[in-house]
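Computed from heavy atoms alone, side chains included, the values below leave out hydrogens, waters and symmetry copies. A note on names: the letters A, B, ... follow the listed sequences, proteins ahead of strands, and every chain is numbered from 1.
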2 protein chains.
Amino acid sequence: MAAKPLQQEIKKKQPFEWPEQEAILNILRTGDQFQNRFGRLFRQYGLTSSQYNVLRILRGEGRPMPCLEIAERMIQVVPAITGLIDRLELQELVARNRATDDRRVVYIELTPKAVRVLGDLDGPVQDLNRTLIGHLTARELKELSHLLEKARQGMPEET
Amino acid sequence: MAAKPLQQEIKKKQPFEWPEQEAILNILRTGDQFQNRFGRLFRQYGLTSSQYNVLRILRGEGRPMPCLEIAERMIQVVPAITGLIDRLELQELVARNRATDDRRVVYIELTPKAVRVLGDLDGPVQDLNRTLIGHLTARELKELSHLLEKARQGMPEET
DNA sequence: GCGTGATACTTGACACGACAATGAATTACG
DNA sequence: CGTAATTCATTGTCGTGTCAAGTATCACGC
């Protein structure tokens, strides 16, 4: 597989003037491409990336969670969660339970069907992980994660 | 600003079993967050990220381009471009011109208004670039770009 | 010329994400 | 108490992304 620097990949005539710009574009482009790949995998199982994320978060937590807590762990804004849960509920992958102590909060719970689907996806997801970045060494992966974590520390607060 | 490894940031109970998974999640999360930030900036100018991307590509090319060529440089599927161009045309930021030699292809062209808007955005965009990852050293930025480029080389063909 | 297939877009149906505004339940406080 | 502020969730609107299907044009073979 030939080397394909971003500059050539997007057919940019001029070299990047600023390393910040180049890094940002690389992050955005890589994120988009990987997102697309996972989206296609999940679609084979009748799920979108967002839906899978909700299910994965719920399984990781191991207990029913309020909508807001789920929204916090995804990048997304709160209102998006409602529709997301709606569609998952239609597919009978989650159930809503209004809390008795604070009747404003709605707890979301995985159904056994969802646990089964998640289990079916574990193998393919890990396979895709390896397909996408299995050619990087353990040291490179660690360095990449480290740099991205450091990059996110520059995010201004207010979101 | 406190260090915030991904494991803690998403409140994951268990450490990551696979460095591949950790790296992928870091890429996706960082990409999403940065995408959100830029989306908010562009919205102040009445644009979405996709719309800005189309305009930036057209300016970079410096000449009218067929729809398909634009679609190629974005991650997106062809049908999405039509609607995107429709809305840009409504805002009088691009113009459509059907080619005379091959009447199937439609050339998209920047309007002077678009050039002005792009110029207005150059400063803020570069400021945001620096805000987001200005705290990384030049060496780190270079290393990050290098690793992401290498990561994308693992993308299977067919898209 | 005249099919036949390929190419370049367009359209329509549906799901999603971001935002603003609203409703409903709870808490704070004078 | 009782009103105000806050919190949790939902709804509606817009732009977008995806797929499937359709239209217009071109290129080729006969």
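With sequence neighbours left out, the side chain to side chain donor-acceptor pair (under 3.5 Å) criterion links B:Asp32 to no other residue.
Put simply, CD1 on A:Ile81 is 19 Å from P on D:dG12, counting in whole angstrom units. If you take CE of A:Met65 and P of D:dC8, they are 13 Å apart, rounded to a whole angstrom. Between A:Leu84 atom CG and D:dT10 atom C1' there is a gap of 14 Å when expressed in whole angstrom units. Taking atom CD on A:Glu89 and atom P on D:dA9, their separation rounds to 13 Å, with Å as the unit. One atom, CG of A:Asp86, and another, C1' of D:dA9, lie 11 Å apart when rounded to the nearest Å. Atom P of nucleotide D:dG17 and atom CG of A:Asn36 are separated by 10 Å, given to the nearest angstrom. To the nearest angstrom, P of D:dT23 lies 20 Å from CG of B:Asp102. Nucleotide D:dG15 holds its C1' atom 12 Å from the CG atom of B:Leu47, rounded to whole Å.
Taking every side-chain heavy atom of B:Ser50 into account, D:dG17 is the closest of D:dG17, D:dT18, C:dC9. Which of D:dG17, D:dT11, C:dT10 sits closest to the side chain of B:Thr82 comes down to C:dT10. Comparing D:dG15, D:dT25, C:dT10 by their closest approach to the side chain of B:Gln51 singles out D:dG15. Here the nucleotide nearest the side chain of B:Pro79, chosen from C:dT11, C:dA18, D:dT11, is C:dT11.
Residue whose closest nucleotide on DNA chain C sits further toward the 5' end, between A:Ser49 and A:Asp101: A:Ser49. DNA chain D is contacted by both A:Arg43 and A:Leu68; A:Leu68 maps to the nucleotide lying nearer its 5′ end (nearest heavy atom per residue). Comparing A:Arg98 and A:Gln91 along DNA chain C, the residue whose closest nucleotide (by nearest heavy atom) sits nearer the 5' end is A:Gln91.
Less than 4.0 Å separates DNA chain C from at least one heavy atom of each of the following residues of residues 104-114 of chain B: B:Arg104, B:Val105, B:Val106.
With salt bridges taken as basic N to acidic carboxylate O contacts below 4.0 Å, none links B:Glu143 and A:Arg139.
A 4.5 Å side-chain heavy-atom check between B:Asn36 and A:Val77 finds every atom pair outside the cut-off. Using a 4.5 Å cut-off on side-chain heavy atoms (C-beta onward), A:Lys150 and B:His135 make contact.
Phosphate contact (OP1/OP2 of D:dA27, side-chain N/O of B:Arg103, threshold under 4.0 Å): absent.
Of the possible polar contacts, one joining the B:Glu140 side chain to the B:Thr137 backbone as a donor-acceptor pair under 3.5 Å is found.
Expressed to the nearest 0.5 Å, how far OG1 of A:Thr48 lies from CZ of A:Arg43 amounts to 9.0 Å. To the nearest 0.5 Å, atom NE2 of residue A:His146 and atom NZ of residue A:Lys142 are 9.5 Å apart.
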